[in-house]
Amino acid sequence: MALCVYNTLTRSKDPFAPLDPGHVRMYVCGPTVYDRAHIGNARPVVVFDTLYRLLKRLYPRVTYARNITDVDDKINARAQESGRSIRDITEETAAWYHDDMAALNALPPDVEPRATEHIAEMIALIAVLIEKGHAYAAEGHVLFSVSSMADYGALSRRSRDEMIAGARVEVAPYKKDPGDFVLWKPSTPDLPGWDSPWGRGRPGWHIECSAMSGKYLGISFDIHGGGQDLVFPHHENEIAQSTCAHGAGTFARYWMHNGYLMVDGEKMSKSLGNFFTVHDLLAKAPGEAIRLTLLSTHYHQPLNWTDDGLAQAKQTLDRFYAALARVEDVPPGAAAEPHLAPVLAALEDDLNTPAAIAAMHDIVTRLNKAEAADEQAALKSALLQAGELTGLLASAPEDWRRGAGVPTSGLSDAEIDGMIAARAAARASRNFAEADRLRRILADAGILLEDGAGGTGWRRG
RNA sequence: GGCCGGAUGGCAGAGUGGUUAUGCAGAGGACUGCAAAUCCUCGUACGUCGGUUCAAUUCCGGCUCCGGCCUCCA
């Protein structure tokens, strides 16, 4: 089975055929660094990280670029409110971002360009657009001329008339056309700015992605990803900038967009204020459980974030890790491919992670039943490889069972072991009342016991 | 107003023109001192009204409801 992806450009699930099968290139819009990432920001990161992992398995070389937007009016506003320097804020926020995404087992991208380090490339790109008649300077601004591009609106499938009819913003007087968008804008002395042919100023939001993707991936590359809310205007404008500068048919060939993250049936966003930060969630749930929650719904669908969903993901991982713990001493073996195939097939079918997880459940059930060592070895290997593809099961089973990743309070491991020993003694003398009393105390502390052939194990529930 | 999505069993959530999703919860059983974990068995779901078809949850159309975009946003 070959990889298929839903392409927003064609609105259909298309077979994926990279420009260069020896080198797949993908660009995903990264964060604007002015605040903690919320769980909605994490969804595209986890989704495209999973795609990245799949691509790396299917192709010899993958270059994944994800930008950091460190020049933006929201950052400027944050700096003014707090009295801190812009640099301070962007550095701190970028570091938080890296920590939080790493906790979700998201691999770092191969390239992570920062907007402020690519101003020269943006200025050069803007100059080309002016030269080719797709942009014009006016009152210190440079604007992209939407009317200069015949098929502007192709990605979001809206006509220029529709956009104008729906526009709720006041049209700046220097715009020739209400749909024209800013490539460069003037900065006052107190705002960050760079010298340019159009005076001291700063770039518009869209130009950085065109400039940086072109620099690191080439003027044509395979996949461009991001959240659905970026389709218009951000991605539409990226297409306009890049194809007008470099020629029709250039730029990204497959556009992939993840659905929104909802809370209580409403879109979660910073502007609505109904968001959970990844950082806060990590204090009460392991990163893998958060990641699995995000992968439990197909990436194209909206995902309603609930505590119950998170708890279920944790429970699922408990089951997976318990299976791995049972075969801890079995070295992963060969012949895993047939067992892994359904997982791979699900992922290759437009990244169908819920189906892939179902296939992992099937592997786990068969692993739990397997008695022959070679069968256990093959299934264990298949499960671990599925974990690598989905970015799950990266912990040691014992660490997971003992509560790895979540700050714990209460009983220490030594205290727990002591009580288990006391309970074992009580059971040996058939004093079950005492044994049950001890088990009850542990249960109240969140420690669940499991009596097995080889003794009593425990886990944090 | 314009343009998009979605509606699946108690819950979450895939998928399919006629055959089991999967998980959780629930019921029964095996195992256990009792539990837990594990394994086995079970409920026979696809918003509504029409149409196409031998056959539709699955294709087409109307309707209802929900959500989103059109402005910064992952």
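First the proteins, then the strands, lettered A, B, ... as listed; each starts at 1.
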- Item | Same-atom distance (P) from C40(B) to C46(B), integer angstrom | 27 Å
- Query: Quick one: which of C40(B), U22(B), A74(B) gets closest to the side chain of His361(A)?
  - Reply: U22(B)
- Starting from P on G13(B), measure out to CG on Leu294(A) and report it in whole angstrom. 12 Å
- Query: Taking atom C1' in both U8(B) and G15(B), what distance in whole Å separates the two?
  - Reply: 10 Å
- Message: Would you measure the distance from the C1' atom in C49(B) across to the matching atom in G13(B) and give it in whole Å?
- Response: 27 Å
- Message: Applying a 4.0 Å non-hydrogen cut-off, can you work out what Gln228(A) is touching in the nucleic acid: base, sugar-phosphate, or nothing?
- Response: nothing
- Quick one: does Ser242(A)'s side chain have a donor or acceptor within less than 3.5 Å of a partner on Ile239(A)'s backbone? no
- Message: Among A14(B), G23(B), C34(B), which nucleotide has an atom closest to any side-chain atom of Gln301(A)?
- Response: A14(B)
- C34(B): pairing nucleotide in any strand, Watson-Crick or G-U under 3.5 angstrom: none
- Query: Looking for any heavy atom pair under 4.0 Å, which part of the strands does Asp436(A) touch: base, sugar-phosphate only, or nothing?
  - Reply: base
- Item | Spacing between Asp318(A) atom CG and G23(B) atom P, to the nearest angstrom | 16 Å
- Can you tell me, in whole Å, how much space there is between the C1' of G47(B) and that of U58(B)? 15 Å
- Hey, does Gln315(A) reach any base, or is it just sugar-phosphate, or nothing, if we go heavy atoms under 4.0 Å? sugar-phosphate
- Assign Arg366(A) to base, sugar-phosphate, or nothing according to its heavy-atom contacts below 4.0 angstrom with the strands shown. nothing
- CE-CG distance between Met101(A) and Asn41(A), expressed to the nearest 0.5 angstrom: 6.5 Å
- Whole angstrom is fine here: how far is it from CD in Glu371(A) over to P in U38(B)? 17 Å
- Item | Given U22(B), C4(B), C72(B), the nucleotide with the shortest approach to the side chain of Lys74(A) | C72(B)
- Message: Can you tell me if Asn352(A) touches the phosphate of G15(B), counting only side-chain N or O atoms and a distance under 4.0 Å to OP1 or OP2?
- Response: yes
- Between A55(B) and G17(B) - C1' atom distance, rounded Å: 8 Å
- Quick one: Glu236(A) CD to C4(B) P, roughly how many Å, whole number? 14 Å
- Note on the structure: Picking from U22(B), A74(B), C39(B), the nucleotide nearest the side-chain atoms of Ala358(A) would be U22(B)
- Query: Side-chain N or O of Thr297(A) less than 4.0 angstrom from OP1 or OP2 on G13(B)?
  - Reply: yes
- Item | Base partner of A14(B), which must satisfy Watson-Crick or wobble distances under 3.5 Å | none
- Across the strands shown, which category fits Arg439(A) at heavy-atom distances under 4.0 angstrom: base, sugar-phosphate, nothing? base
- Query: For the pair made of CG in Asp350(A) and C1' in G15(B), what is the distance, rounded to whole Å?
  - Reply: 14 Å
- Tell me whether the OP1 or OP2 atom of C39(B) has a side-chain N or O from Arg319(A) closer than 4.0 Å. yes
- If U52(B) has a Watson-Crick or G-U wobble mate with both distances under 3.5 Å, name it; if not, just say none. none
- Take atom P in C11(B) and the same atom in U38(B), then report the distance between them in whole Å. 24 Å
- Item | Any donor-acceptor N/O pair under 3.5 Å between C34(B) base and Asp451(A) side chain | yes
- Item | Value in whole Å for how far the C1' atom of A25(B) lies from CD of Gln312(A) | 8 Å
- Do side-chain atoms of Asn105(A) reach the backbone of Gly391(A) as a donor and acceptor pair under 3.5 angstrom? yes
- Query: Is the Tyr174(A) ring parallel, tilted or perpendicular to the His141(A) ring (thresholds 30°, 60°)?
  - Reply: parallel
- Task: Could you tell me whether the phosphate oxygens of U38(B), OP1 or OP2, come under 4.0 Å of any side-chain nitrogen or oxygen in Asn368(A)?
- Result: no
- Task: Using whole Å, report how far CG of Asp362(A) lies from P of C40(B).
- Result: 10 Å
- Message: If you assign each of Phe432(A) and Arg11(A) to its closest nucleotide in RNA chain B, which residue comes earlier from the 5' end?
- Response: Arg11(A)
- Would you mind telling me which of A36(B), G23(B), G67(B) lies closest to the side-chain atoms of Arg459(A)? A36(B)
- In whole Å, what separates the C1' atom of A12(B) from that of G28(B)? 24 Å
- Task: Looking at every strand, decide which applies to Thr306(A) at a 4.0 Å heavy-atom threshold: base, sugar-phosphate, or nothing.
- Result: nothing
- U19(B): pairing nucleotide in any strand, Watson-Crick or G-U under 3.5 angstrom: none
- Item | Nearest-0.5 Å distance that lies between atom CZ in Arg460(A) and atom CD1 in Ile447(A) | 4.5 Å
- Task: Using a heavy-atom cut-off of under 4.0 Å over every strand shown, decide if Arg427(A) touches base, sugar-phosphate, or nothing.
- Result: base
- So Arg36(A) and Thr93(A), side chain to side chain contact (heavy atoms under 4.5 Å, CB included) or not? Walk me through it. CA-CA 6 Å; Arg36(A) 285 273 186 195; Thr93(A) 312; over 6 Å; no
- Quick one: look up who G67(B) pairs with, Watson-Crick or G-U, both distances under 3.5 Å, and put none if it's unpaired. C4(B)
- Task: Enter the distance from Lys175(A):NZ to Phe181(A):CZ here, rounded to the nearest 0.5 Å.
- Result: 9.5 Å
- Query: When all nucleic acid strands are considered with a 4.0 Å heavy-atom cut-off, which category describes Gly226(A): base, sugar-phosphate, or nothing?
  - Reply: sugar-phosphate
- Query: More than 12 heavy atoms of other residues, nucleotides or ligands under 6.0 Å from CZ of Arg11(A): is that the case?
  - Reply: yes
- Query: If you check the Arg430(A) side chain, which of G23(B), A74(B), G33(B) turns out closest?
  - Reply: G33(B)
- Looking at every strand, decide which applies to Met360(A) at a 4.0 Å heavy-atom threshold: base, sugar-phosphate, or nothing. nothing
- Task: To the nearest Å, give me how far apart CD (Glu328(A)) and P (A37(B)) are.
- Result: 20 Å
- Item | For C42(B), the Watson-Crick or wobble counterpart (both distances under 3.5 Å) | G26(B)
- Query: How would you label the contact of Ile357(A) with the nucleic acid (heavy atoms, under 4.0 Å): base, sugar-phosphate, or nothing?
  - Reply: nothing
- Message: Categorize His298(A) for me: base, sugar-phosphate, or nothing, with a 4.0 angstrom heavy-atom threshold over every strand shown.
- Response: sugar-phosphate
- Query: So which one's nearest nucleotide on RNA chain B is more toward 5', Thr365(A) or Lys13(A)?
  - Reply: Lys13(A)
- Message: So, taking the atom named CD in Glu81(A) and the one named CD1 in Ile89(A), what distance separates them when rounded to the nearest 0.5 Å?
- Response: 8.5 Å
- Message: By the 4.0 Å heavy-atom rule, please label Leu230(A) as base, sugar-phosphate, or nothing.
- Response: sugar-phosphate
- Task: Sticking with atom P, work out how far U48(B) lies from C65(B), rounded to a whole angstrom.
- Result: 15 Å
- Item | C24(B) phosphate, OP1 or OP2, under 4.0 Å from Lys314(A) side-chain N/O | no
- So CE of Met212(A) and CD1 of Ile207(A): to nearest 0.5 Å the spacing works out to 10.5 Å
